[in-house]
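The structure appears right after this line, and notes come after that.
All residue numbers refer to positions in the sequence shown, counting from 1.
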Amino acid sequence: QVQLVESGGGSVQAGDSLRLSCTASGAAFSGLVMAWFRQAPGSEREFVAGISWGGRDTDYADSVKGRCSISRDNAASTMYLQMNSLKPDDTAVYYCAAGALVINLPQSADYDYWGQGTQVSVSS
């Protein structure tokens with residue numbers, strides 16, 4: 001069983017930056033594909049960014065491409081999401097996800113483990 005704990009969310013102004021972290025325990029982190037998803041009020045959960053187990057391959061939603069960067073530190077069992085130039089549309093609960101057999105990074109059904117989420121609120 002894998003436990004995922006997100007941190008780093010908060011309330012910021014448009015144009016500000018945040019760095020989200022997701023720390024994993026309970027399994028070999030380096031063998032897991034990791035991703036960030038988000039869910040805004042009244043909306044479905046959507047893919048934000050994903051990263052392969054070795055960190056070489058990444059993928060981003062068009063809505064965050066160029067503004068966000070996903071990375072991981074396998075020695076620390078931690079994944080990060082650096083978010084810059086934040087917009088009010090980025091307001092959502094951000095979830096960390098992990099999976100051992102992820103075929104398609106943006107596909108939420110491929111992930112086996114989910115964190116509890118961290119709130120990001122961006123005001124204009």
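No donor-acceptor pair closer than 3.5 Å links the side chain of Ser121 to the backbone N or O of Ser11. Not one N or O on the side chain of Asn74 forms a donor-acceptor pair closer than 3.5 Å with the backbone of Ser30. Without hydrogens or angle criteria, Arg38 side chain to Glu46 main chain gives no donor-acceptor distance under 3.5 Å. The closest donor-acceptor contact from the side chain of Thr91 to the backbone of Asp89 lies at 3.5 Å or more, if one exists at all.
Figure legend: cation-pi geometry between Arg72 and Phe29, with NZ or CZ positioned under 6.0 Å from the six-membered ring centre and within 45° of its axis. In this structure, Arg19 forms a cation-pi arrangement with Tyr80, its terminal cationic atom sitting closer than 6.0 Å to the ring centre and no more than 45° off the ring axis.
By the 4.0 Å N-to-carboxylate-O rule, Lys87 lies too far from Asp90 to be salt-bridged with it.
Between the CZ atom in Arg67 and the OG atom in Ser85 there is a gap of 7.0 Å [rounded to 0.5 Å]. Distance check, rounded to the nearest 0.5 Å: CE of Met83 to SG of Cys68 gives 6.0 Å.
Around atom CD of Gln107, more than 12 heavy atoms belonging to other residues, nucleotides or ligands sit under 6.0 Å away.
The two residues Ser52 and Arg56 make their nearest non-hydrogen contact at OG-N, 3.4 Å. The heavy-atom pair separating Ile51 from Leu105 by the smallest distance is N-CD2, 4.0 Å. Here the shortest heavy-atom pairing between Trp53 and Gly31 reads CB-C, 4.1 Å. Nearest heavy atom pair, residue Ala92 against residue Ala40, reads CB-N, 3.8 Å. For Glu6 against Tyr95, the heavy-atom pair with the smallest separation is OE2-CA, 3.4 Å. Scanning all heavy atoms of the two residues, the minimum distance from Thr78 to Ser21 falls at CG2-CB, 4.3 Å.
Under the 4.5 Å side-chain criterion, counting only non-hydrogen atoms from C-beta, Leu20 is in contact with Thr118.
By the criterion of side-chain heavy atoms lying less than 4.5 angstrom apart, applied directly or through intervening Ile, Leu, Val, Met, Phe, Trp or Tyr residues, Tyr111 is not grouped with Tyr94; the two fall into different hydrophobic clusters. Using a 4.5 Å cut-off between side-chain heavy atoms of Ile, Leu, Val, Met, Phe, Trp and Tyr, with links allowed through other members, Val64 and Ile70 fall into the same hydrophobic cluster. Under the 4.5 Å side-chain contact rule for hydrophobic residues, Leu81 and Val12 share a cluster. Hydrophobic cluster membership differs between Phe37 and Tyr113, with clusters built from Ile, Leu, Val, Met, Phe, Trp and Tyr side chains linked at under 4.5 angstrom. Neither Val48 nor Val93 shares a network with the other; the hydrophobic side chains, linked directly or stepwise wherever heavy atoms of I, L, V, M, F, W or Y lie under 4.5 Å apart, form separate groups for each.
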task: Test Gln82 against Ser17 for side-chain contact (heavy atoms from CB on, under 4.5 Å), laying out the working first.
output: CA-CA 7 Å; Gln82 177 67 43; Ser17 298; 3.9 Å; yes

query: Is there a side-chain contact (heavy atoms from CB on, under 4.5 Å) between Val122 and Asp16 once you walk through the steps?
result: CA-CA 8 Å; Val122 185; Asp16 286 349; over 6 Å; no

query: For Leu18 and Leu86, what are the C-alpha separation, side-chain angles and deciding distance, and is it a side-chain contact (heavy atoms from CB on, under 4.5 Å)?
result: CA-CA 8 Å; Leu18 279 176; Leu86 283 162; 4.0 Å; yes

- prompt: So Ser71 and Met79, side-chain contact (heavy atoms from CB on, under 4.5 Å) or not? Walk me through it.
  reply: CA-CA 6 Å; Ser71 61; Met79 171 182 66; over 6 Å; no

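Exactly one residue among Ser25, Cys96, Ser77 makes a side chain to side chain contact (heavy atoms under 4.5 Å, CB included) with Leu4. That residue is Cys96.
The six-membered or imidazole ring of Trp36 lies away from that of Phe47, with a centre-to-centre distance of 6.0 Å or more.
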